[in-house]
Amino acid sequence: MQRGSPASAGYNQFFHRDFQNNSVIPPMQEKYHPNQIEQATQQYWEESAAFRVTEDAARPKYYCLSMLPYPSGKLHMGHVRNYTIGDALSRHHRMRGFNVLQPMGWDAFGLPAENAAMANNVPPAKWTYDNIAYMKQQLTSLGFALDWKREVATCTPQYYKWNQWLFLRMLEKGIAYLKTGAVNWDPVDQTVLANEQVIDGRGWRTGALIEKREIPMYYLKITDYADELLEALDTLPGWPERVKTMQANWIGRSQGVRFAFPYVLDGKEDKLWVFTTRADTIMGVTFCAVAAEHPLAAHAARNNPKLAEFIEECKHGSVMEADMATMEKKGMPTGIFVDHPLNGEKIEVWVGNYVLMGYGEGAVMAVPAHDERDFEFAQKYGLPIKPVIALPGLSYSLGAWQAWYADKERGVCINSGKYDGLAYPAAIDAIVADLKAKGLGELRTTYRLRDWGISRQRYWGCPIPIIHCKTCGAVPVPDDQLPVVLPEDCVPDGSGNPLRKRADFVDCACPKCGQPAQRETDTMDTFVDSSWYYARYCCADNASAMVDARTDYWMPVDQYIGGIEHAILHLLYSRFWTRVMRDMGLVKYDEPFARLLTQGMVLNEIFFRKPNVDKGGGRIVYYNPTEVEHRLDDKGNRVPGGAVLKADGQPVESGGIGTMSKSKNNGVDPQALVDRYGADTARFFMMFAAPPEQTLEWSDAGVEGSYRFLKRLWAFGHSVQEAVRSAKAIPAKLDGVLANVRREIHLNLKQADYDIGKHQFNTVASAAMKILNALEKAPRQGDGHAAVIAEGMSILLRLLAPITPHVCHALWRELGYGDDILRAAWPAPLAAALAQDEIELVLQINGKLRGNLRLPADATQQAIQAAALASDSAQKYLEGKAAKKVVVVPGRLVNIVC
RNA sequence: GCCUGGAUGGUGAAAUUGGUAGACACAAGGGACUUAAAAUCCCUCGGGCUUAACGCCCAUGCGGGUUCGAUUCCCGCUCCAGGCACCA
């Protein structure tokens, strides 16, 4: 590492290096040969173990982490974008003196491996490991500064052993527990499907109508941490506001009232509990709705075949929230009545397809006058609507829903007996007091957040370490028998979890009583794997503990980089898991990711063909955009619906544009780009295309420009090699043209520093291009010209090194700056180079641009005003009138208002 | 449906967060070099009006508003993207 602190490290230090010791300089290639340069550079990094890091208390650490990829087969442009951002940040911090850790691993369990297994009759394990080998080579060829000694693959027993171990600890503490949950059941394949595998309510392979099934699953009590997860968002200034907003809304803490409708059924007294945030409208309840699985619904259905049929129909519905929210709301009366807790009125209970058993109480109160969904439901079924909130000057109408019906800010209770005239807070207080007195309700905080169900009825995942014994029940696997190893030779066939057929896996002895017993065959959600891998990188070689003291050095992650699609689930689960580990004394931090950069998605077109459901279904087939061609009209524009598959000339449907993914087959393999132009061009182009956080529709138009730039950079380096190698220090007094060139370079460096602070690498790339433009135009003679070029080139190479490390490494050596640009210090703009005597101000008249003013840099407000008023433009537009007002923005403009 | 973002030339984008809209590039057109091609270099390049030249008007998805001044702030829309708990 360089001497001195990052801030003081001057770029002029290269003049003190061994410039004279250049007796043996191999001739520099005249042309840019990226493949040779990149191979040689990568070999140098490999041999010098350039990116191996260890803990070093003497230096500030910088843990730079990109989200680990799912090994789907090949990298796609989203990966290149993600990892280039991370690599640029890593290399930049390294040049600024930080001890940088940048690891990589594989989110290696998951559904695509099972699908590939079915398609190709290959075990998921083999498919996964092959993909890892190929993608690792791709990452290496892109030149990412990764410490591969810390590599982690979540499908290895060495890794997932600790999932199992911590799960057992959670079970002991009651954080993990068993409860039923709804899954998608394909009755033909007799298997549970992921949401993604259900298309328009049908199984993707069988076309069969999917049923909801309630099965026992393990859940993690993330809701116990809801308050902390919400409140700690304020401790994360390095996170994007939008991510914090999304998480806060997801947790959805709300104050409300849990209360009950008493009833008598078959001579037995009971209560129907519901929750509401609008207790001020309780007097407007005209019916209640319960889920199809609710005991009251089941009771009513016993001698009501039509209701039983409706309940059956509800069970065919989707488990997905988006479907629940958009589907047609249907219901049917049960004939059961409950008592209104405040006025004793009889309230009928309905079964509603929009009420979910798993959430809250599985029952809701309905106030059609003040809830839009209830309003529509009541209109549809002719149920009474009783307004109990009024706004002055507005009259309630049953014709159509008005936004003010739900206004709780300005509304006042009416038709509510003793509560009439009360506003929202007072009404709630009074109503809660009365409910409480009757023992029928109380204030309660609730959360939208639900506990995390982790059981998956799938093979390719981490086995849940439980043994089922006829006498002892569900028995945890003892620690000394961990890990429960997943057999790696299964090939799923789509008809359920193949583990169930593996006697050598399932059959075992009960750890408690020793009797024959069966192993749990459910595996864990893959979000478990990715909830703590960042901690494991710090100590990936430790076989005897989940984490060790090295995590105390590296954690928390200083900069986490990943797609915005993970804004909620992965990041929230990781924050939860971290807290569980903290509360068990395993780690010492609250938050795993100090700063977060959410990369915008890289999108591409989606094309597919749907199977004909009438002919028995079958799965949707997606076609890569490269397999599709388009009919064009006279003007060369695409004809809508004119997409056809090249292979057979038959039409394909357009699925719009969406994230590059394996499942939509719309990924673009960067390999062609790397083969043709080299990794540096691919990296530069990806950074130049758009700012990191912005969504990016993929197009390789423009990649030529990035390649051209690197060719020009090399050619320029070649042409100034001698001048740079023999350059002296910059003279105290530069002539005007050279001073301007130098100023331009330092100005762009200053701008680039600012932009790097914002992670805006596209304008950093622009600044590099502007610097090269300036250098190319610089005079090649005159006192100090070589020194200015040598300094400028050293700035340019170091500025670019994080983005295009190979070509910068090679040029750094060829031009004699030093052996290894990795050890060079980050450049700093110099005030002396930036100084100027005169500045240009914009002259506006009434806010419109009317000219420019050149003034001394130190001109006073008064002098600027006087100069502005005296200018020709001002005289022309003022026409002798006096200015009403003159606005001076220092360093920028003068606006004369007249 | 709900939550969160986004929309600027033919295209990707920039505008130091209220101060010259379109930097830097791509594509296109014209030219130079070349036997030719590639590569490279130079010029033009938002729309309109006008001029010999200077210049003027319009323009940042749509409609309003605040301001000396709005791509930027506020209100109301449209479309697109991400998420919605079993894709990862």
- Select one nucleotide: of A25(B), G82(B), A14(B), the one nearest the side-chain heavy atoms of Met601(A). G82(B)
Do [X] and [Y] touch side chain to side chain, with heavy atoms closer than 4.5 Å?
| X | Y | value |
| --- | --- | --- |
| Trp204(A) | Asp186(A) | no |
| Leu597(A) | Pro692(A) | yes |
| Met769(A) | Leu772(A) | no |

- Message: Tell me whether Arg205(A) is salt-bridged to Asp189(A), with the criterion being a basic N under 4.0 Å from an acidic carboxylate O.
- Response: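 Judged by the 4.0 Å cut-off on N to carboxylate O distance, Arg205(A) and Asp189(A) do form a salt bridge.
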- Query: Can you find a donor-acceptor N/O pair under 3.5 angstrom joining the side chain of Asn195(A) to the base of C86(B)?
  - Reply: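 There is none.
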- Message: So for Arg850(A) and U20(B), does any side-chain atom that can act as donor or acceptor lie under 3.5 Å from a complementary atom in the base?
- Response: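 Absent.
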In whole angstrom, give me the gap between the [atom1] atoms of [N] and [M].
| N | M | atom1 | result |
| --- | --- | --- | --- |
| U8(B) | C79(B) | C1' | 16 Å |
| A52(B) | G64(B) | C1' | 44 Å |
| U71(B) | G22(B) | P | 12 Å |

- Report the glycosidic orientation of G9(B): syn if within 90° of 0, anti in every other case. syn
- Note on the structure: Closest to the 5' end of RNA chain B, once Ala325(A) and Ile215(A) are matched to their nearest nucleotides, is Ala325(A)
- Helical stems, RNA chain B - three or more consecutive Watson-Crick or G-U wobble pairs below 3.5 Å: B:1-7 with B:78-84, B:10-12 with B:24-26, B:28-32 with B:40-44, B:46-49 with B:55-58, B:61-65 with B:73-77
- Message: Take a 6.0 Å sphere around NZ of Lys74(A) and say whether it holds more than 12 heavy atoms from other residues, nucleotides or ligands.
- Response: no
